[in-house]
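Here's the structure, in C-alpha cells; my notes come after.
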Amino acid sequence: MNTHESDVHTISPELPAMFDGVKLAAVATVLYVIVRCLNLKSPTAPPDLTYQDTPLNRFLLKSCPQLTKEYIPPLLWGKSGHLQTALYGKLGRVSAPHPCGIRKYLPMLDGATATFDLFEPLGDHRTGDDITMVICPGIGNHSEKHYIRTFVDYAQKDGYRCAVLNHLGALPDMELTSPRMFTYGCTWEFASMVGYIKRTYPQTQLIVVGFSLGGNIVCKFLGENRANQERVLCCVSVCQGYSALRAQETFLQWDQFRRFYNFLMADNMKKIILSHRHSLFGGSSVKVIDADLSRLYTATSLMQIDDNIMRKFHGHSSIKEYYEKESCVHYIHNVDVPLLLVNSADDPLVHESLLTIPRTLAAKKENVIFSLTLHGGHLGFFEGAVLFPQPLTWMDKVIVGYANAMCHWEKQKPPCQSGHLSESTCVKQKA
C-alpha cells in the first residue's frame, strides 16, 4: 500500500462524522428559526386587564370568564401574530356558516346609498328582552366576510338580532350612487343604520360592536353626540388603533413588517377605488381625473391614498386634519356606556405605543375595561389544540359573553346601580 492509499483510508472514516455534524447544525438552525418565528417559547396567560374596581366591572369579569382565563391559541402556530393575522386575512374563519339576512337600503342626504344586512335572532334571548347588535366591520369589509358571518351566526343562536353595516363601496356588486365611499372615521352610514333599527324596533336595546376600523367608527359615533348613546347597553371595540395620526408614523416602519402590511392594505384600497372610478371621478375634468388616477396607481401606502383621494371626500385641507377629525381618540372620552376595548400585544398592525390610549382611558373612566391579550394577531384570536383552529374564536366568545353579562346586569341590577351610573353618582342620589 503506497502513501496516497494510506491517506485515503485514514481520512475517509472521518467524512461521515463531519457530514453528520453539518446536518445536525442545519437541523438545529432550522428548529431555532421555527421556534423564534412561531414564538413557541412564549407563555399563555389571561388577558392583561386595566379597569376600575366597581360593582359593574366586578360583575362583568365574574360573568364573562374569557376575560379572566387563559387564552390558549393553537400550539404550533397560534403564538405568531403574523400567522394569526394572515389566516384571518386569507380565510377569515374556518368552516364559516351562512346566516340568512335581508339587505336594507338607506338613501343618504348627499345621494349616497347606505346598505346593511339584517339578521333576526334564531331564538329568544336568555333575558327575554329584545336586543340588537349593531356591527361595524373592518376596513373595506361587509356582511359577507367570513369572520362577520361566523360572529353573526353565533350571536343569532344566542338570541341577538344583528345589523351589519356594509361599508360604502365595499360590496363588489353594489354601485356607488354618489362620488363618495367609506373613510376611516365617517359615521354617517353607521348612524343611519342605528337610526333605522331604533325606529323599526322601538323596544330593542343596542349592543354596539366594531372590528378594527369599525371600532374607531363606533367609538367616534357614540362620543360625537351623547344622544347617540340612548338605548345603548354597551360597546365592544376589537383591534382598533384609536389615532390615525399617531398610527401613520408606525405604518412606515419595518418592525413587525408593518410597512409590508401597509402596502398590502393600500393595494386592496386601490382595487376598491378603481372598481368605482366612474362614480368617484365622473364629475371631474379629464385633467383632474388623470392626475388623481396617476397618483393612485403609484401609491404604495395608505397615507398616500388618504392624502390624494380619501380626505377629499369630506373636504379636509390636509391629511393631518383628516386624521385628526376622523380618529375616535378625540371623542372616546365622551362615551359613558360600558365600553370593552380589546387589543392583542402581537397585533402587527397596531403599534404598542397606541395602546397607551385605551390603557389611560380605562384607568380614568369607570365604564371602561381594556383587555390586552398576549396573542391573537389582528382579528385572529383563533383557538385550537395543536394545528387546526376551531370555527369559533376567543374574540367571538368574549363579545357575546360580555354582552350577555351586560344584559343580565341591566335585568337584575340593584335599584341605584346602572351601567350608566358611577358609584359616586349613586352615593349622591342616595344622599
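From a predicted model like this one, the values you see are computed outputs, not experimental measurements.
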If you apply the rule side-chain contact (heavy atoms from CB on, under 4.5 Å), what do you find for I131 with L233, and how did you get there? CA-CA 9 Å; I131 313 291; L233 289 179; 4.0 Å; yes
Report the C-alpha distance between F116 and Y196 in whole Å, list the side-chain angles of each, state the deciding distance to 0.1 Å, and finish with yes or no for ring-ring contact (aromatic ring centres under 6.0 Å, His included). CA-CA 10 Å; F116 71 95; Y196 176 93; 5.4 Å; yes
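- To the nearest 0.5 Å, atom CG of residue L339 and atom SG of residue C219 are 5.0 Å apart.
- The closest side-chain donor-acceptor pair between S42 and H375 falls under 3.5 angstrom.
- Put simply, OG1 on T50 and CD on Q52 are 11.0 Å apart, with the number rounded to the nearest 0.5 Å.
- Between D117 and K104 there is no salt bridge, since no side-chain N of the basic residue sits under 4.0 Å from a carboxylate O of the acidic one.
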Could you walk me through whether D267 and K271 pass the salt bridge (Lys or Arg N to Asp or Glu O under 4.0 Å) test, one step at a time? CA-CA 6 Å; D267 189 59; K271 293 175 183 176; 3.7 Å; yes
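- At a cut-off of 3.5 Å, with distance as the only test, a side-chain donor of T187 or E224 sits close to an acceptor on the other residue.
- Contact annotation: the side chain of L222 approaches that of V232 to within less than 4.5 Å [non-hydrogen atoms, C-beta and beyond].
- The OG atom of S301 sits 4.0 Å away from atom CE of M303, with the distance rounded to the nearest 0.5 Å.
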Apply the test salt bridge (Lys or Arg N to Asp or Glu O under 4.0 Å) to residues E249 and R258: give CA-CA distance (whole Å), side-chain angles for both, the deciding distance (0.1 Å), then the verdict. CA-CA 10 Å; E249 299 174 2; R258 260 186 301 279; over 6 Å; no
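- Side-chain contact annotation: S212 with Q240, donor-acceptor N/O pair under 3.5 Å absent.
- Nearest heavy atoms, S63 versus A405: CB-CB, 3.5 Å.
- Between the side chains of T177 and T113, a donor-acceptor pair is found at a separation under 3.5 Å.
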Going through the distances and angles, do F119 and D153 end up as a side-chain contact (heavy atoms from CB on, under 4.5 Å)? CA-CA 9 Å; F119 303 86; D153 180 74; over 6 Å; no
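- A salt bridge is defined here as a Lys NZ or Arg NE, NH1 or NH2 lying under 4.0 Å from an Asp or Glu carboxylate O, and E321 with R311 fails to meet this definition.
- Judged by the 6.0 Å and 45° rule, R93 forms a cation-pi pair with F382.
- Closest of all the heavy-atom pairs between S327 and L245 is OG-N, 4.2 Å.
- Heavy atoms of other residues, nucleotides or ligands lying less than 6.0 angstrom from CZ of F263 number 12 at most.
- Between F182 and H167, the ring-plane angle classifies as tilted under the 30° and 60° cut-offs.
- One finds the OH atom of Y402 at 11.0 Å from the OG atom of S371 (value rounded to the nearest 0.5 Å).
- Aromatic ring pairs are classed by plane angle as parallel below 30°, tilted from 30° to 60° and perpendicular above 60°; the pair F59 and W409 is tilted.
- Residues T68 and K62 form no side-chain contact, since every pair of their non-hydrogen atoms from C-beta on lies 4.5 Å or further apart.
- Salt-bridge annotation for D307 and R295: absent, with no side-chain N of the basic residue lying under 4.0 Å from a carboxylate O of the acidic one.
- Taking NE2 from H276 and CE from M174, the interatomic distance works out to 9.5 Å, rounded to the nearest 0.5 Å.
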Would D346 and K79 count as a salt bridge (Lys or Arg N to Asp or Glu O under 4.0 Å) here? Give the steps. CA-CA 8 Å; D346 66 355; K79 294 179 181 178; over 6 Å; no
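- Counting heavy-atom neighbours within 6.0 Å of D255 CG, excluding the residue itself, gives a total above 12.
- For the residue pair N404/Y160, the side-chain donor-acceptor check at 3.5 Å is satisfied.
- Counting non-hydrogen atoms of other residues, nucleotides and ligands closer than 6.0 Å to NZ of K325 gives a total of 12 or fewer.
- Side-chain contact between P137 and K145 is absent, with no heavy atoms from C-beta onward closer than 4.5 Å.
- Cation-pi geometry between K220 and Y331 is satisfied (NZ or CZ under 6.0 Å from the ring centre, within 45° of the ring normal).
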Test log, rule side-chain contact (heavy atoms from CB on, under 4.5 Å), inputs V398 and V236: CA-CA 10 Å; V398 163; V236 183; 5.8 Å; no
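- In this structure, L340 and S237 have side chains that are not in contact, with every pair of non-hydrogen atoms separated by 4.5 Å or more.
- Side chains of Y261 and H82: a donor-acceptor N/O pair is present below 3.5 angstrom, by distance only.
- A heavy-atom distance below 4.5 Å is not found between the side chains of H316 and E324.
- For the residue pair Y147/D396, the side-chain donor-acceptor check at 3.5 Å is not satisfied.
- The residue from V209, V134, V152 that alone fulfils the side-chain contact (heavy atoms from CB on, under 4.5 Å) condition with V164 is V152.
- Heavy-atom neighbours of L387 CG from other residues, nucleotides or ligands within 6.0 Å: above the threshold of 12.
- Counting only heavy atoms from C-beta outward, the side chains of R180 and C186 approach each other to under 4.5 Å.
- Heavy-atom neighbours of Y51 OH from other residues, nucleotides or ligands within 6.0 Å: at or below the threshold of 12.
- If you check the side chains of H125 and T127, you find a donor sitting under 3.5 Å from an acceptor.
- You'll find the side chain of M181 reaches within 4.5 Å of the side chain of L176, heavy atoms only.
- We find the OH-CE distance between Y88 and M395 to be 8.0 Å, quoted to the nearest 0.5 Å.
- A side-chain hydrogen bond (donor to acceptor under 3.5 Å, both in side chains) with T132 holds for exactly one of Q205, R161, R231, K198; it is R161.
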Evaluate R359 against E352 for salt bridge (Lys or Arg N to Asp or Glu O under 4.0 Å), listing each step before the verdict. CA-CA 11 Å; R359 188 176 286 112; E352 61 182 355; over 6 Å; no
In sequence, state the C-alpha distance, the side-chain angles, and the governing distance for L349 and F251, and then conclude on side-chain contact (heavy atoms from CB on, under 4.5 Å). CA-CA 8 Å; L349 304 186; F251 263 115; 4.3 Å; yes
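- Side-chain contact between F151 and H146 is absent, with no heavy atoms from C-beta onward closer than 4.5 Å.
- Looking only at atom types and distance, the side chain of Q84 has no donor-acceptor partner in the side chain of S80 under 3.5 Å away.
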